[in-house]
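Right, one structure below, let's go through it.
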Amino acid sequence: MAKLLVYFAHPGQRYSTVNRQMWKAAKALEGITCVDLYAEYPRFDINIDQEQERLRAHDVIVFQFPLFWYSTPSILKEWQDLVLEFGFAYGDGGDALAGKKMMLAVTAGGPEEAYDEGGYNHFRLRTLLTPLEQTARLCKMEFLAPYVLFASLKAKRQERVAPHVEGYRQLLEALRDDRFDDAAAVNSDTLSAETLPLRVTAHG
């Protein structure tokens, strides 16, 4: 089994229609470390030593968040700036994260067609997430295709929340149990509940 660490970053959880349910499903799983960044660091006073030890102790790092202005919520950027230090995550002697895996679980308010050259956002979502992908590369990590729910603001009335949350649960279990097809994920643009590359074991 892989040691899986899930970081959750959502400053307005009580207004969430999808992320709150995803987070509840993640916390219900055994053998997974779950960290709510806004709950743990309400004043952004991030404990660098603690976070670096968490990273050292896990094999797969998942960041769950809603897309805010084509990027992450602010606490996640603060976390990156402080925790991923030179000499720890990159640079001379900075190989603490080498060989680990990074994955994003993202909700986007706009529909999928909006994230295209012809859409009103002009860029594919994977392109907008390039800074995070390059962060993983600089840290010598393997970046897996993000798990995405587009048009998340309409998901509840379209009855898409439950399937997405169930897909997230299956995804986390597969990452934990080494049943996730990394090669397929690396070659995908984004993943959804319908396109998860899961391996079937001999026990089903």
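As the structure is a computational prediction, the values presented were derived from the model and not from experiment.
Within the 4.5 Å cutoff, no side-chain heavy atoms of F68 are placed close to those of S74. For the pair R169 and L29, the minimum side-chain heavy-atom distance is below 4.5 Å. P73 has its side chain out of reach of F8: every pair of non-hydrogen atoms, C-beta onward, lies at least 4.5 Å apart. Contact check for M103 versus F180: side-chain heavy atoms found under the 4.5 Å cut-off. The closest side-chain heavy-atom distance from T72 to F63 is not below 4.5 Å. Between L125 and F150, the closest side-chain pair of non-hydrogen atoms falls below 4.5 Å. Side-chain contact check for P11 versus I75: every heavy-atom pair is 4.5 Å or farther apart. In this structure, D189 and Y115 have side chains that are not in contact, with every pair of non-hydrogen atoms separated by 4.5 Å or more.
Of the residues V35, D59, I32, the one that meets the side chain to side chain contact (heavy atoms under 4.5 Å, CB included) test with L5 is V35.
For W79 and Y7, the gap between ring centers is short of 6.0 Å.
In this structure, D178 CG and D181 CG are separated by 12.0 Å, a value rounded to the nearest 0.5 Å. For the atom pair CG (L198) and CD (Q170), the distance works out to 6.5 Å, reported to the nearest 0.5 Å. The CD1 atom of I61 sits 11.0 Å away from the CZ atom of R54 when rounded to the nearest 0.5 Å. Here the SG-NZ distance, from C34 to K24, works out to 14.0 Å after rounding to the nearest 0.5 Å. The distance from the CD atom of Q50 to the CD1 atom of I48 is 11.5 Å, given to the nearest 0.5 Å. Rounding to the nearest 0.5 angstrom, the gap separating the CD atom in E142 from the CE atom in M102 is 11.5 Å.
More than 12 heavy-atom neighbours from other residues, nucleotides or ligands sit within 6.0 angstrom of OH on Y38. For R124, the CZ atom counts as loosely surrounded, since its 6.0 Å shell holds 12 or fewer non-hydrogen atoms of other residues, nucleotides or ligands. No more than 12 heavy atoms of other residues, nucleotides or ligands lie within 6.0 Å of CD in E159, so this atom counts as exposed by the packing criterion.
G109 and L153 make their closest contact through CA-CG, 4.2 Å (heavy atoms, listed as atom of the first residue, atom of the second, distance). Nearest heavy atoms, P42 versus A39: CD-O, 3.5 Å. Among all heavy-atom pairs drawn from S152 and R160, the shortest one is N-NH2, 4.4 Å. Heavy atoms only, all atoms of each residue included: H164 and Y147 are closest at O-OH, 2.6 Å. The two residues A25 and V165 make their nearest non-hydrogen contact at CB-CG1, 3.8 Å. Considering all non-hydrogen atoms of both residues, A145 and S188 come closest at CB-O, 3.5 Å.
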Checking salt bridge (Lys or Arg N to Asp or Glu O under 4.0 Å) for the pair E30/R176: CA distance, chi angles, key distance, verdict? CA-CA 9 Å; E30 294 183 358; R176 178 196 65 190; over 6 Å; no

Derivation of the side-chain contact (heavy atoms from CB on, under 4.5 Å) call for R126 and E133: CA-CA 9 Å; R126 181 68 177 264; E133 183 168 355; 2.9 Å; yes

Could you give me the CA-CA distance, side-chain angles and deciding distance for M22 and T107, then say whether side-chain contact (heavy atoms from CB on, under 4.5 Å) is met? CA-CA 10 Å; M22 293 171 64; T107 56; 4.1 Å; yes

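A continuous path of ILVMFWY side-chain contacts below 4.5 Å connects W69 to L129, so both sit in one hydrophobic cluster. By the criterion of side-chain heavy atoms lying less than 4.5 angstrom apart, applied directly or through intervening Ile, Leu, Val, Met, Phe, Trp or Tyr residues, L172 is grouped together with L144 in one hydrophobic cluster. Hydrophobic clustering (side-chain heavy atoms under 4.5 Å, transitive across Ile, Leu, Val, Met, Phe, Trp, Tyr) keeps L132 apart from L175. Two different hydrophobic clusters hold L67 and V6 under the rule that ILVMFWY side chains link at heavy-atom gaps under 4.5 Å. Cluster annotation: L104 and V60 are assigned to distinct hydrophobic clusters (Ile/Leu/Val/Met/Phe/Trp/Tyr, side-chain heavy-atom contacts under 4.5 Å, transitive).
For T190 (side chain) and P146 (main-chain N/O), no donor-acceptor pair under 3.5 Å exists by modelled atom type. Side-chain atoms of S16 come within 3.5 Å of backbone atoms of N19 as a donor-acceptor pair (strictly under, hydrogens ignored). Panel note: side chain T135, backbone P131; a donor-acceptor pair is recorded below 3.5 Å. Checked by atom type and distance alone, the side chain of N187 pairs as donor or acceptor with a backbone atom of A183 at under 3.5 Å.
Checked by atom type, the side-chain pair Y168/Q64 shows a donor-acceptor distance below 3.5 Å.
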Sequence neighbours left out, cut at 3.5 Å: what donor-acceptor pairs do the side chains of residues 80-100 make with other protein atoms?
unit_1, atom_1, unit_2, atom_2, d
Q80, NE2, L76, O, 3.4
D81, OD1, K77, NZ, 2.7
D81, OD2, K77, NZ, 3.1
E85, OE1, Q52, NE2, 2.9
K100, NZ, L55, O, 3.3
K100, NZ, R56, O, 3.2
K100, NZ, H58, O, 2.5

